[in-house]
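For reference, the structure discussed in these notes is given below.
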Amino acid sequence: MSGFSEDMPFFDEPNARPAAPSGIAARAMAARSGQNSAPDYLKGLNPEQRLAVETTEGPVLVLAGAGTGKTRVLTTRIAHILNTRKAWPSEILAVTFTNKAAREMKQRIGLLIGEENVEGMPWLGTFHSIGVKLLRRHAELAGLKSGFTILDTDDVVRLIKQLIQAEGLDDKRWPAKTFAQMLDNWKNKGLGPDEIAEGDARSFGNGKGRQLYKAYQERLQTLNSCDFGDLLYHPIRIFRANPDVLKEYHRKFKYILVDEYQDTNTAQYMWLRLLAQRPNVGRSASAEGRKPDRASAGQAAPAGASERSERAAVSENKVNICCVGDDDQSIYGWRGAEVDNILRFDKDFPGATIIRLERNYRSTAHILGAASHLIAHNEGRFGKTLFTDRNDPDDDKVHVHAAWDSEEEARAIGDVIEAYQRPDRQGNRHKLNDMAILVRASFQMRAFEDRFITLGLNYRVIGGPRFYERLEIRDALAFFRVVANGGDDLAFERIVNTPKRGLGEATIRQIHDTARALRVPMLEAAASLAESDELKPKPRAALREVAANFERWRNALETSPHIELAETILEESGYTDMWKNDRSAEAPGRLENLKELIRSMEEYESLRAFLEHVALVMEAEQGESQDAVSIMTLHSAKGLEFETVFLPGWEEGLFPHQRALDEGGRSGLEEERRLAYVGLTRAKKNLHIWFVSNRQIHGLWQSTIPSRFVNELPETHVDVAEGGNSYGGYGNPYGGGAFASGRGGGRQNPYGASRFDNIGAKDQGSFSNTYATPGWQRAQANRTEATDRNWGTRSGHQVERIGYGETDSGYGAGRTSVKGRTIDGELVAKSVADTPSAFNVGDRVFHQKFGNGNIAAIDGNKLTIDFDKAGQKRVLDGFVVGV
DNA sequence: GGCTGGTGGGTTTTT
DNA sequence: CCCACCAGCC
């Protein structure tokens with residue numbers, strides 16, 4: 001065999017000079033010098049993983065269950081292809097969904113083949129970032145210029161609103177947001193204006209849906225912009241209309257790898273199919289002849305028609321496409337993901353090898369047993385059963401707890417966290433960083449935040465509006481965008497009067513009209529208006545300054561370093577001064593964020609490169625420096641793992657969510673169940689599930705019953721914690737499952753006392769113990785402790801918010817505050833009003849869940865009742881009876 | 001331009 | 001019930 005020192009395939013161009021082998025190559029050499037054994041990187045893989053790595057030819061589907069080493073397989077496979085010199089780095093297309101996944105993949109491949117060699121993999125990235133790359137190369141084929149801007153959702157909505165108004169439609173009756181959603185759905189399905197279903201087209205804007213879609217695309221073209229959907233949609237159309245371009249990529253990409261295949265939507269599927277479908281040498285003409293060309297034919301087609309014919313055109317050619325995914329973790333159906341893509345893989349790619357990874361390296365046997373049993377209730381799945389060799393008798397079963405209401409649930413979980421945090425026999429303490437609370441809906445988070453603030457327990461909330469979505473950041477970016485692309489009217493409109501320059505609606509309308517009339521961008525229109533006498537002196541002077549500013553900055557774009565330019569823009573525009581003069585509480589933070597924005601530009605070569613990064617990588621920097629419990633939604637927990645996981649809110653209506661059931665039917669329920677599965681499989685060692693008997697929804701107290709998922713857990717792996725009277729009011733509504741043996745009615749725990757039995761009990765004992773917890777004591781001690789920028793002081797302890805910031809509407813800012821709400825579960829407010837009703841104020845009544853109480857106030861059919869035990873609650877009068 | 005009161009909506013989110 | 005959003009006002 002030839003040596004490794006020559007022709008190492010780690011370079012972008014086949015004729016580049018090779019460098020000395022490093023990383024994996026060096027290690028592989030070392031391994032081979034001694035014996036003929038497999039290269040090092042293959043060692044330690046289990047047989048299935050190894051098969052997935054070594055089956056490089058032909059279509060391969062790797063069904064990778066949770067925690068089975070999916071990323072390892074993907075990265076090793078790439079290293080293997082390179083190492084065996086089957087392809088150059090530039091000949092591998094590797095697609096992920098999120099930037100995070102792409103980053104992780106890059107990093108891990110770097111560990112295998114050497115970081116410098118990963119740089120030679122230009123086609124490793126998200127669907128969208130690869131889409132941009134393709135589109136920049138062939139922009140003119142989509143009617144764009146290469147320097148096009150990528151609009152974010154906010155821009156899109158504003159643009160659509162303008163179009164709706166321009167059509168003379170009532171933008172109240174036909175909300176731009178709704179149409180943006182529809183557009184997104186269409187593009188997710190790869191449907192152009194002429195391909196959408198007639199019914200869909202008619203359902204919006206008095207039947208003007210199709211017209212609006214067309215107008216929107218035309219507008220984008222004049223703005224030299226595209227939206228996120230276009231990043232997939234344009235390449236698809238380009239490939240279909242230009243077989244020669246497609247052929248170029250067929251030649252280029254020898255291997256295609258796709259991560260999280262179960263999350264692909266129809267457009268992504270089409271995109272992949274176009275790239276994967278190689279013309280057969282000698283039969284290429286016929287193969288191409290079969291390919292439909294909707295885009296150039298330009299005729300209407302029923303929804304999905306083009307997709308179907310493409311599917312029918314499957315060739316028997318070997319396609320080196322490897323898709324990795326888990327049908328059981330498909331949780332994004334509601335935003336267009338098609339589980340069917342993965343379920344159909346072997347039909348789409350005949351002769352596909354399907355490899356199952358079922359050996360789990362993450363969780364205990366109890367957790368896996370519970371998860372497997374639960375997911376087995378789904379019908380539409382490949383069917384996998386995770387297993388582990390791990391068999392530690394000390395492993396806890398999955399704990400199921402009941403609580404009275406969400407406040408008690410939060411208190412109880414706080415108590416369990418405190419219990420875990422106490423040093424064990426060996427003196428080890430469970431770190432908060434290794435614990436997470438995963439909720440179905442974000443409103444659930446508040447109870448935990450309230451409770452943890454009271455306890456002084458550090459937590460971090462993950463998700464929500466992000467850094468680049470903050471008001472000041474978006475403003476600053478708008479300035480940059482206009483400088484980089486003078487045709488970016490949306491950005492121009494955003495900041496033309498920022499800081500306030502007296503340019504009101506009338507002037508902006510005039511700029512708009514002039515731009516339309518002259519068919520030029522608004523910036524240009526503004527410049528010419530400023531030189532005309534059509535405006536009053538004041539706005540004219542203001543516009544003249546704006547125009548002069550942008551011209552100056554644009555000239556500087558080529559000459560001065562982009563960071564310097566950015567600073568200049570913010571200074572000269574008066575934007576920084578605007579916040580310096582602002583006396584509000586957020587102003588200093590905003591200035592700080594602007595500085596951070598400038599700092600983050602350093603990594604990029606140019607202003608344009610930076611803007612592209614921002615458009616595609618809208619995410620917040622993760623700071624894991626402090627020890628804190630994570631609170632996040634189940635959706636954002638996908639792909640993560642924690643030592644200990646808490647899953648609150650397992651009640652019918654919340655989880656599975658009522659809307660998923662109403663709107664999604666059986667498949668909706670199955671997606672909810674997959675979400676539950678995702679939740680369960682996040683846990684490595686400890687797993688606690690909670691449900692409450694009463695939950696406040698839209699301000700009213702509702703009785704709830706435990707989620708059917710609770711009953712789908714296998715009894716053998718579950719430990720039902722019983723303490724207190726929380727679950728005492730009713731029997732088990734379901735047969736079978738964890739509650740099948742008729743426990744649940746507040747009886748004795750047949751399993752004997754467990755560590756968590758008293759947690760969650762609403763009795764005086766656990767309540768008073770609260771004050772002895774480490775968290776409480778820490779809260780006392782921490783009251784005066786200083787904190788840094790990311791860690792605001794709230795009630796004297798540290799709260800980190802990852803990804804939460806202020807948006808235009810202040811959503812994020814509002815959520816961080818705790819304004820005079822109840823402390824420790826006791827509501828204190830009292831109000832008395834007299835309204836005629838079947839009941840009278842002062843009446844003694846009985847409520848099935850809350851017991852006896854006196855009516856404090858009546859508002860129509862809503863009663864405010866002071867319950868003897870449960871405190872004051874608002875309930876519907878139908879739920880109580882007089883006593 | 002900034003405040004106020006009325007109204008509607010309230011699951012999950014990446015790019 | 002709580003909140004975001006918008007129209008209408010000063």
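The chains referred to below are lettered A, B, ... by the order of the sequence lines, with proteins before strands, and numbering in each begins at 1.
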task: For A:R446 and B:dG10, give me the distance from atom CZ to atom P, rounded to whole Å.
output: 18 Å
- request: Return the value, rounded to whole Å, for the distance between atom NE2 of A:H635 and atom P of B:dT13.
  value: 7 Å
query: In whole angstroms, how far is the P atom of B:dT12 from the OH atom of A:Y332?
result: 12 Å
- request: Look at A:T633 and B:dT13 and indicate whether a side-chain polar atom (N or O) is within less than 4.0 Å of OP1 or OP2.
  value: yes
query: For A:W334 and B:dT12, are the ring centres under 5.5 Å apart with planes inclined under 30°?
result: yes
field: For atom CD1 of A:I331 and atom P of B:dT14, their distance in whole Å
entry: 11 Å
task: Could you check how far CG of A:L675 sits from P of B:dT12, rounded to whole Å?
output: 11 Å
- line: Among B:dG2, B:dT15, B:dT11, the one nearest any side-chain atom of A:E663 is B:dT11
- request: Would you mind reading off the distance between A:R440 atom CZ and B:dT12 atom P, rounded to a whole angstrom?
  value: 7 Å
message: For A:L231 and A:H698, find the nucleotide of DNA chain B closest to each by heavy atoms; which residue's nucleotide sits nearer the 5' end?
response: A:H698
Span that lies between the C1' atom of B:dT13 and that of C:dC2, in whole angstrom: 23 Å
- request: Quickly work out the A:N99 CG to B:dT15 P distance and round it to whole Å.
  value: 5 Å
- request: Measure the acute angle between the ring planes of A:Y575 and A:W579, then classify it against the limits of 30° and 60° as parallel, tilted or perpendicular.
  value: perpendicular
- prompt: Do any side-chain nitrogens or oxygens of A:R659 fall under 4.0 Å of OP1 or OP2 in B:dT11?
  reply: yes
- prompt: Can you check whether A:D326's main-chain N or O pairs, donor with acceptor, with A:Q262's side chain at less than 3.5 Å?
  reply: yes
Salt-bridge present (A:E449, A:R446; N to O < 4.0 Å): no
- prompt: Side chain of A:K500: nearest nucleotide among B:dG1, B:dT15, C:dC6?
  reply: B:dG1
Centroid-centroid distance, A:W334 to A:H657, less than 6.0 Å: no
task: Starting at atom CZ of A:R173, determine the distance to atom C1' of B:dT7, rounded to an integer number of angstrom.
output: 17 Å
- prompt: Can a side chain N or O of A:S442 be found less than 4.0 Å away from OP1 or OP2 on B:dT12?
  reply: yes
task: Using a strict 4.0 Å threshold on nitrogen-to-oxygen distance, state whether A:K70 and A:D259 make a salt bridge.
output: yes
message: Whether A:N265 contacts B:dT15 is assessed here as follows: a side-chain N or O lying under 4.0 Å from the phosphate OP1 or OP2. Is that the case?
response: no
message: Say we look at C:dC5 and B:dT12: how far apart would their P atoms be, to the nearest angstrom?
response: 15 Å
